[in-house]
Amino acid sequence: MFSPSQEELCALNKEPVKYGELVVLGYNGSLPNGDRGRRKSRFALYKRPKANGVKPSTVHVISTPQASKAISAKGHHSISFTLSRSQTVIVEYIHDKDTDMFQVGRSTESPIDFVVTDTISGNQNNDEAQITQSTISRFACRIVCDRSPPYTARIFAAGFDSSKNIFLGEKAAKWKNPDGHMDGLTTNGVLVMHPKGGFTEESKPGVWREISVCGDVYTLRETRSAQQRGKLVENETNILQDGSLIDLCGATLLWRTADGLLHTPTQKHIEALRQEINAARPQCPVGLNTLAFPSINRKDVVEEKQPWAYLSCGHVHGYHSWGHRSDTEANERECPMCRTVGPYVPLWLGCEAGFYVDAGPPTHAFTPCGHVCSEKSAKYWSQIPLPHGTHAFHAACPFCATQLAGENNCVKLIFQGPVD
């Protein structure tokens, strides 16, 4: 069967070419207070009407502030490396007609295309858990996409500010490479992990690396903001692939290629799976009442028919208030079916289609949050170590960023069909 390429599809539909999408881990389809403008839970990168990429050009070694001002007055993009009070290296960048640039960061200034704030695990509203001090850089990273097929996307640490400058001060980690070009790292770094085998059910986690301002790949520093850079990894690149994870120290983004998204379930597909489960009329084995997953639009309010599950064994029930044991934690109960003691939580359907590695039925729940998705997706995310804080890594639910726990980080659900 003939399968048209992404470019042919776009030409047929008169749509711009899509390079890919960035999806923020920890949100189930939208931000808690709704997506607004450049602040949202996912961002699609399309080919721009006119190229806005830049590439390195002239290098200046400056010893006076006046000379520095003269260069910035030209209006070009530039990266400044302050070596000492008396010496700065400025690398001028010129227009590149062959690439498009997209910038990501915490700043709401106009050079930022995708505004990202710190992810609060467990999907609490920002009002409940104010971030005292963000660790995400205002101009965190830039993604540069080739305007011609195969539309390769590359990631670089740091983004250009409103004066078109990237400024690496005296304290920033920076150095001169053997070939003479300057490079550096941002304060908390931009980490990237490419899964082995792409973004499929067979994939395995790759190794987390740090990306430099010029796009080279390094092993991780001792701690997130240490002065000493890691070792150069010469056989790896900053090219993003389907399923690459980008960590900005406070938020982690998933990169999905346009082709990868063509093979991913859609929101409609997930809604059809929800209706299919509900049509089978699963029942509470004790109360014998019919259970139903709430509609995707009502994914924050626990409803009367909502399925609940014992996460140690996977038995699905309706809500009931008994089964507490005096020797257990507050949310732990004894399952009436098998007597296993464990967390008892409402189940929520994972609605962010970009996190699914296949289109299988939602049969598994993450522990301890209760988000439900396909078996292969649950097993994939259960094994992915995500950066946490300045030097810890742990697996987390992609739909709410809750740290996973339990024997396998997820559990197979046991539904009871109708008795009649």
Side-chain angles (χ1 to χ4, degrees), residues 18 20-46 102-143 159 188 190 243-256 261 264-268 270-271 274 293-303 346-356 366 369-373 377 381 384 386-389 396-404:
K18 183 192 272 191
E21 289 194 21
L22 290 168
V23 192
V24 188
L25 266 57
Y27 299 108
N28 198 9
S30 66
L31 297 181
N33 302 324
D35 291 346
R36 295 193 189 104
R38 290 173 295 152
R39 258 207 79 194
K40 45 196 164 190
S41 66
R42 69 191 289 171
F43 172 68
L45 286 71
Y46 288 100
F102 302 87
Q103 301 208 134
V104 181
R106 182 170 48 88
S107 171
T108 53
E109 289 180 32
S110 59
I112 294 295
D113 298 285
F114 185 31
V115 178
V116 175
T117 51
D118 296 72
T119 303
I120 300 159
S121 67
N123 235 343
Q124 309 160 39
N125 270 342
N126 286 2
D127 314 335
E128 297 168 33
Q130 282 292 326
I131 293 286
T132 48
Q133 199 172 7
S134 176
T135 46
I136 299 174
S137 169
R138 293 171 62 243
F139 301 92
C141 70
R142 57 201 196 279
I143 292 171
N188 289 328
V190 172
S244 290
L245 288 166
I246 302 162
D247 188 79
L248 303 178
C249 196
T252 307
L253 316 179
L254 171 70
W255 170 256
R256 297 301 315 270
L261 287 166
T264 295
T266 60
Q267 200 84 36
K268 278 184 185 165
I270 293 171
E271 173 60 19
R274 181 187 79 86
F293 277 100
S295 87
I296 284 171
N297 301 330
R298 296 185 55 79
K299 55 179 184 275
D300 297 322
V301 184
V302 179
E303 300 200 342
L347 297 177
W348 304 97
L349 201 55
C351 307
E352 177 46 76
F355 297 146
Y356 282 72
F366 288 108
C369 60
H371 276 106
V372 179
C373 63
S377 301
W381 288 104
I384 297 286
L386 297 171
H388 179 72
C397 169
F399 303 106
C400 69
T402 298
Q403 184 173 341
L404 299 182

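Remember, predicted model here, so these are calculated numbers, not experimental data.
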query = Does some side-chain heavy atom of Pro398 sit less than 4.5 Å from a side-chain heavy atom of Phe366?
reply = yes
task = Work out which heavy atom in Asn28 is nearest to a heavy atom in Cys351; give both atom names and the distance.
result = OD1-N, 2.5 Å
ask   = In chain order, what residues pass the side-chain contact (heavy atoms from CB on, under 4.5 Å) check against Ser107, with sequence neighbours excluded?
value = Glu109, Ile112, Arg138, Phe139
query = Does the side chain of Leu45 come within less than 4.5 Å of Leu22's, by heavy atoms?
reply = yes
ask   = Are any non-hydrogen side-chain atoms of Ile246 and Val104 less than 4.5 angstrom apart?
value = no
query = For Thr135, does its backbone N or O pair with a side-chain atom of Asn188 as donor and acceptor, under 3.5 Å?
reply = yes
key: Pairing of Lys268 and Glu271 as salt bridge, 4.0 angstrom limit   = no
ask   = What is the minimum heavy-atom distance between Phe102 and Tyr46, and which atoms define it?
value = CZ-O, 3.2 Å
query = How far does CD1 of Ile384 sit from CG of Leu404, to the nearest 0.5 angstrom?
reply = 11.5 Å
ask   = Between Trp348 and Phe399, is any pair of side-chain heavy atoms under 4.5 Å apart?
value = no
request  = Can you see which heavy atom on Tyr27 is nearest to which on Ser41, and at what distance?
outcome  = CB-CB, 3.8 Å
inquiry  = One pair to check against side chain to side chain contact (heavy atoms under 4.5 Å, CB included): Val190 and Leu248. What are the steps and the verdict?
reply    = CA-CA 5 Å; Val190 172; Leu248 303 178; 4.2 Å; yes
message = Could you report the tightest heavy-atom contact between Ala401 and Ser121, atom names first, then the distance?
response = O-CB, 3.1 Å
message = Out of the candidates Lys40, Arg256, Arg42, only one should pair with Glu352 under the salt bridge (Lys or Arg N to Asp or Glu O under 4.0 Å) rule; please name it.
response = Arg42
task = Step by step, work out the side chain to side chain contact (heavy atoms under 4.5 Å, CB included) result for Leu261 and Lys18.
result = CA-CA 10 Å; Leu261 287 166; Lys18 183 192 272 191; 4.2 Å; yes
Pairwise side-chain contact, Thr119 with Thr252, heavy-atom cut-off 4.5 Å (strictly under) = no
key: Closest approach of Asp118 to Ser134 (non-hydrogen atoms, all atoms of both residues)   = OD1-OG, 2.5 Å
message = Does Phe43 form a side chain to side chain contact (heavy atoms under 4.5 Å, CB included) with Val24? I'd like the steps, not just the answer.
response = CA-CA 9 Å; Phe43 172 68; Val24 188; over 6 Å; no
key: Contact check, side chains of Phe293 and Val372, non-hydrogen atoms, under 4.5 Å   = yes
query = Is there side-chain contact between Glu303 and Pro346, with heavy atoms separated by less than 4.5 Å?
reply = no
ask   = Side-chain contact, heavy-atom cut-off 4.5 Å: Phe114 with Ile143?
value = no
query = Closest heavy-atom contact between Ala353 and Pro265?
reply = CB-O, 3.0 Å
task = Determine, stepwise, if the pair Phe355 / Ser377 fulfils side chain to side chain contact (heavy atoms under 4.5 Å, CB included).
result = CA-CA 7 Å; Phe355 297 146; Ser377 301; over 6 Å; no
ask   = Quick one: OG on Ser137 to CZ on Arg106, what's the gap to the nearest 0.5 Å?
value = 7.0 Å
